[in-house]
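The next block holds one structure in the form of structure tokens; read it before the comments.
Sequence lines set the chain letters: A, B, ... in the order given, protein chains first and strands last, and positions in each chain run from 1.
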Amino acid sequence: MYRHLERRLAQRVLGCLQERSPGVTLPPVVIEQPPKVELGDFAIPLFPFAKPLRSAPLKIAEMIRSEIGPIEGIAELQVAPPGYLNIKIDRAWMAAALATDQKPPADVAAGKILVEHSSINPNKAAHIGHLRNAILGDTFVRLLRYASRIVDIQNYIDNTGVQVADVVVGFTQLEKKSRAEIEALTRQPRFDYYCWDLYARVSQWYEADKQNKQVRLQTLHAIEDAGSETAAIAELISIAVLRRHLETMDRLDIEYDFLPRESEILHLHFWNAAFGKLKESGVLTFEESGRNKGCWVMRRAGTGKADPATDGTDDEKIEEEDQKVIVRSNGTVGYVGKDIAYHMWKFGLLGLDFGYLKFYRYPNQHDCWISTTDGEKGHPHFGDVAEIYNVIDARQSEAQNTVIEALRGLGHGEAADHYTHFSYEMVALTPRCAAELGYMLSEEDKTRSYIEVSGRKGFGVKADDLLDQLIASAKKEVDSRHPQLSEAERLGIATQIAIGALRYFMLKYTKQSVIAFDFKEALSFEGETGPYAQYAVVRAASIFRKAGVDADTFCDTLTVNSSPDSLATYLSGDVGNEFWELWLAASKTSYVIDQCIATTEPAYLAKHVFQLAQLFNTFYHRHPILTEPDEKRKQFLLATVAVVRRELIHALAGMGITVPPVM
RNA sequence: GGGCCCGUAGCUCAAAAGGACAGAGCAUCGGAUUUCUAAUCCGAGGGUUGCAGGUUCGAUUCCUGCCGGGCCUACCA
């Protein structure tokens with residue numbers, strides 16, 4: 001409703017200005033929020049219009065105020081120096097709409113969206129860096145679905161790369177394990193932890209003797225040969241670790257629809273199909289000489305060709321340092337090439353498809369599919385989507401942009417325009433946290449603000465460990481607060497709190513900020529945290545429980561209990577301003593979610609949730625409800641609580657956070 | 001060398017398309033009628049937004065230069 005009103009206002013103001021000065025090109029109408037509610041709910045700065053309209057901002061504001069006429073939902077317009085038009089919403093009108101949860105129809109863009117996230121190498125346990133990726137991706141999916149978009153969730157699995165090869169080397173060379181022995185190990189509860197340590201040992205083994213790296217190369221090649229024993233072992237390991245990753249993510253309510261694997265991109269010859277088109281379109285050029293002699297290369301994204309007016313048909317030579325090798329001189333293709341083919345598939349531009357097999361069934365009966373060479377019939381249709389979002393950390397932005405440029409070079413500008421690299425910064429550790437983990441710090445490291453995690457060194461915080469710690473910590477608190485509840489109930493509540501804390505923690509930072517992970521902050525349940533917001537909802541629910549009223553249906557009867565007139569009464573004056581601030585904040589959830597989608601920044605929603613919870617807590621503290629003697633006023637206060645509770649639950653759900661019955 | 005990102009309170013971070021006095025949390029200190037559970041609330045201190053210019057009616061935000069930090073820049077994935 002809030003965003004609806006904002007849009008309506010912007011249109012009317014623009015219309016008013018255009019009518020007054022036909023033919024003049026005007027800057028866009030920017031709508032902001034005044035610094036205080038007393039000033040109004042929207043603010044329009046008129047400074048940008050002074051020049052084109054050849055009039056003082058204050059005069060323009062005055063003109064709009066007197067000429068614009070009535071607007072549904074807007075109560076009052078005020079001119080404020082030095083050149084603002086402040087607009088007040090018709091509070092009772094808005095509150096009535098909000099109380100009854102009226103949603104004006106929104107225009108939903110057509111076309112399916114594909115969100116790819118997680119993409120953890122299936123050779124070791126998931127760590128906190130992977131958690132940030134998965135939580136960002138999963139949250140973005142929830143936001144898109146909130147906005148009525150249809151979304152497929154994919155998790156790309158690199159099961160044939162060096163990382164898997166390294167663990168294969170560990171099992172076969174360092175531990176001399178047979179396939180049967182490895183198979184037995186995969187049935188261990190946390191097989192991914194075993195691999196975590198082994199991976200670190202293999203890395204050390206490579207360091208110890210450079211000759212050892214030859215083994216890696218041989219293993220890597222053997223894995224790509226589908227029929228080999230090594231490939232079978234790699235499959236065994238990667239599938240087992242992948243299952244562990246799905247289990248870990250499921251603990252956080254993160255699910256996937258489809259797991260495309262690199263092995264199928266290889267075996268189904270996706271690259272061959274793409275290669276022909278890339279050569280034909282001139283995206284790839286063959287190097288006859290120089291450092292990259294014998295390779296097929298393309299221009300790296302962001303280099304040269306500053307002037308796109310040259311029409312793409314550039315036969316000019318690409319400088320050597322601007323070349324990205326796509327096909328090596330030995331004829332093998334690098335990962336960017338495979339990625340180009342894969343992304344052509346995503347947009348339905350390749351002419352090939354995966355085979356599909358049911359792989360994993362979630363407790364809620366949802367099936368997750370995996371790629372295979374020839375799969376089962378009756379599978380859902382994946383790929384061939386209108387828009388994609390790839391949740392991949394910022395280090396890969398150049399590679400991502402190169403894939404986008406390849407699509408553009410192939411003539412698929414539409415696809416390239418709907419390809420979004422959802423880029424975010426890594427999770428690192430504070431020096432203190434690194435020390436706690438037993439990592440020896442150099443003097444230089446101690447002065448850094450953060451230290452990068454390293455799977456290769458086995459240095460980092462595992463996702464399951466962190467979850468276990470969060471649950472244990474929350475459990476302790478729940479145990480002491482609610483000893484009368486059963487063990488299972490207490491554990492359930494502790495788990496919800498732990499997930500709330502973790503998901504909020506990963507979402508409260510903006511994407512471009514490196515998270516310096518610290519146990520103290522991550523384990524905090526106070527202040528700007530998930531549990532703070534959960535607690536606000538628990539308090540709201542508690543009021544309704546004690547009042548013997550159902551919070552979900554309470555507002556349905558509101559029009560009977562509380563007329564617009566009485567809403568207007570309670571929402572005016574000094575105390576009314578305080579109530580209105582809360583109602584206004586509650587009305588913004590959809591608006592904020594729109595902003596999050598448009599900017600691919602879920603942190604705004606985290607901020608909104610916190611502000612709403614904070615306003616509610618203040619309100620809760622100041623206005624006793626159950627003891628309120630004035631029945632009409634009590635109804636109004638209850639309505640306020642019901643609306644805030646509903647919006648907080650929706651907003652938290654967008655972040656994948658649920659609310660326990662008690663805390 | 002080239003490209004991208006960052007520098008804001010003691011610490012960790014906000015400030016959405018350039019707008020009204022730069023805001024939160026943590027930490028510190030001082031408080032809250034034994035109440036709808038205090039995982040809460042109220043208050044206090046704390047800032048030349050890295051530095052220097054420029055554009056603008058207006059700059060934390062845009063431009064240029066410097067200083068400091070990070071990442072990318074492999075015939076690895």
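Residue Arg54(A) contributes atom CZ, which lies 17 Å from atom P of rC57(B) at whole-angstrom precision. The distance between atom CG of Leu470(A) and atom P of rA39(B), rounded to the nearest whole Å, is 18 Å. As a whole-Å value, the separation of Ile223(A) CD1 from rC76(B) P is 16 Å. To the nearest angstrom, P of rC41(B) lies 14 Å from CD of Glu578(A). Counting to the nearest Å, the C1' atom of rA74(B) and the CD atom of Gln396(A) are 14 Å from each other. Taking atom CG of residue Leu523(A) and atom C1' of nucleotide rU12(B), one finds them 15 Å apart after rounding to whole Å. Rounded to an integer number of Å, the gap from CD of Gln614(A) to C1' of rC42(B) is 12 Å. Atom pair Lys508(A):NZ and rC11(B):C1' shows a separation of 12 Å (rounding to whole Å applied).
Heavy atoms of Leu220(A) sit nowhere under 4.0 angstrom from any nucleic acid atom. Contact annotation for Val297(A): no contact, since no heavy-atom pair falls under 4.0 Å across all strands. Looking at heavy-atom distances under 4.0 Å, Gln611(A) makes no contact with the nucleic acid at all. Across all strands shown, His421(A) has no heavy atoms under 4.0 Å from either base or sugar-phosphate atoms. Contact annotation for Glu262(A): backbone-only contact, meaning every heavy-atom pair under 4.0 Å involves sugar-phosphate atoms and none involves a base. Within the 4.0 angstrom heavy-atom criterion, no nucleotide atom of any strand lies near Val549(A). Heavy atoms of Arg481(A) sit under 4.0 angstrom from at least one base atom. At a threshold of 4.0 angstrom between heavy atoms, the contacts of Glu452(A) are confined to the sugar-phosphate backbone, with no base atom among them. Within the nucleic acid shown, Lys293(A) comes within 4.0 Å of at least one base atom, counting heavy atoms only. In this structure, Glu526(A) reaches the sugar-phosphate backbone alone: every heavy-atom distance under 4.0 Å involves primed, P, OP1 or OP2 atoms, never a base. If you check every strand for non-hydrogen atoms under 4.0 Å, Pro57(A) touches nothing. Within 4.0 Å of His623(A), counting heavy atoms only, lies at least one base atom of the nucleic acid. Counting non-hydrogen atoms under 4.0 angstrom, Gln595(A) reaches a base of the nucleic acid. When heavy atoms are screened at a 4.0 angstrom cut-off, Val325(A) is found touching the sugar-phosphate backbone but no base atom.
Nucleotide rC62(B) is matched to rG54(B) when pairs are restricted to Watson-Crick or G-U wobble geometry with both distances under 3.5 angstrom. Base-pair partner of rC4(B): rG70(B) (Watson-Crick or G-U wobble, both distances under 3.5 Å). The pairing partner recorded for rC41(B) is rG31(B), the criterion being a Watson-Crick or G-U wobble arrangement whose two distances lie under 3.5 angstrom. Base-pair partner of rU49(B): not found among the strands shown (Watson-Crick or G-U wobble, both distances under 3.5 Å). Nucleotide rG25(B) is matched to rC11(B) when pairs are restricted to Watson-Crick or G-U wobble geometry with both distances under 3.5 angstrom.
For the 3.5 Å distance criterion, the side chains of Gln496(A) and Gln534(A) fail to qualify, holding no donor opposite an acceptor. Residues Gln611(A) and Lys588(A) have side chains that never bring a donor and an acceptor to within less than 3.5 angstrom of each other.
With distances taken from any side-chain atom of Thr627(A) to the nucleotides rA24(B), rU40(B), rC36(B), the minimum falls on rC36(B). Comparing rU12(B), rC76(B), rC57(B) against the side chain of Tyr509(A) picks out rU12(B) as the nearest. Nearest nucleotide to the side chain of Phe610(A), out of rA77(B), rC36(B), rA24(B): rA24(B). In the set rC41(B), rC13(B), rC76(B), the nucleotide with an atom closest to the side chain of Ser513(A) is rC13(B). Distance from the side chain of His621(A) is smallest to rC41(B) among rC41(B), rU40(B), rC6(B). Candidate nucleotides rC36(B), rG70(B), rC76(B) were compared by shortest atom distance to the side chain of Arg328(A), and rC76(B) ranks first. Here the nucleotide nearest the side chain of Lys51(A), chosen from rA77(B), rA39(B), rC57(B), is rC57(B). Candidate nucleotides rA39(B), rA38(B), rA16(B) were compared by shortest atom distance to the side chain of Tyr620(A), and rA38(B) ranks first. In the set rA20(B), rG25(B), rU40(B), rA20(B) carries the atom at the smallest distance from any side-chain atom of Leu39(A). Counting only heavy atoms from C-beta on, Glu398(A) has its side chain closest to rC72(B) among rC75(B), rU12(B), rC72(B).
Taking 4.0 angstrom as the limit, Tyr532(A) places a side-chain polar atom (N or O) nearer than this to OP1 or OP2 of rC41(B). Phosphate contact (OP1/OP2 of rC75(B), side-chain N/O of Gln323(A), threshold under 4.0 Å): absent. Between Lys546(A) and the phosphate of rU37(B), there is a side-chain N or O to OP1/OP2 separation shorter than 4.0 Å. A sub-4.0 Å separation between OP1 or OP2 of rA38(B) and a side-chain N or O of Arg539(A) is present. Residue Asn292(A) places at least one side-chain N or O closer than 4.0 Å to OP1 or OP2 of rC75(B).
More than 12 heavy atoms of other residues, nucleotides or ligands lie within 6.0 Å of CG in Asn330(A), so this atom counts as buried by the packing criterion.
Counting heavy atoms from C-beta on, the side chains of Phe525(A) and Tyr535(A) never come closer than 4.5 Å. The shortest side-chain heavy-atom distance between Asn123(A) and Ser238(A) does not fall under the 4.5 Å cut-off. When side chains are defined from C-beta on, Val659(A) counts as touching Val538(A), because their heavy atoms get closer than 4.5 Å.
For Asn86(A) and rA20(B), a side-chain-to-base donor-acceptor distance below 3.5 Å is present, hydrogens and geometry of angles not being considered. Side-chain atoms of Ser397(A) and base atoms of rC72(B) include no donor and acceptor less than 3.5 Å apart. A donor and an acceptor atom never sit less than 3.5 Å apart when one is taken from the side chain of Tyr535(A) and the other from the base of rA39(B).
Salt-bridge formation is not detected for the pair Asp518(A)/Lys520(A): no Lys NZ or Arg NE/NH1/NH2 atom is positioned less than 4.0 Å from an Asp or Glu carboxylate oxygen.
The aromatic rings of Tyr591(A) and Tyr2(A) sit perpendicular to each other, their planes meeting at more than 60°, with 30° as the lower class boundary.
Where Glu32(A) and Val514(A) meet RNA chain B, the nucleotide closest to each residue was compared, and Val514(A) sits on the side nearer the 5' end.
Stacking of Phe47(A) onto the six-membered ring of rG58(B) is not present when judged by under 5.5 angstrom between centres and under 30° between planes.
Without hydrogens or angle criteria, Ser524(A) side chain to Glu526(A) main chain gives a donor-acceptor distance under 3.5 Å.
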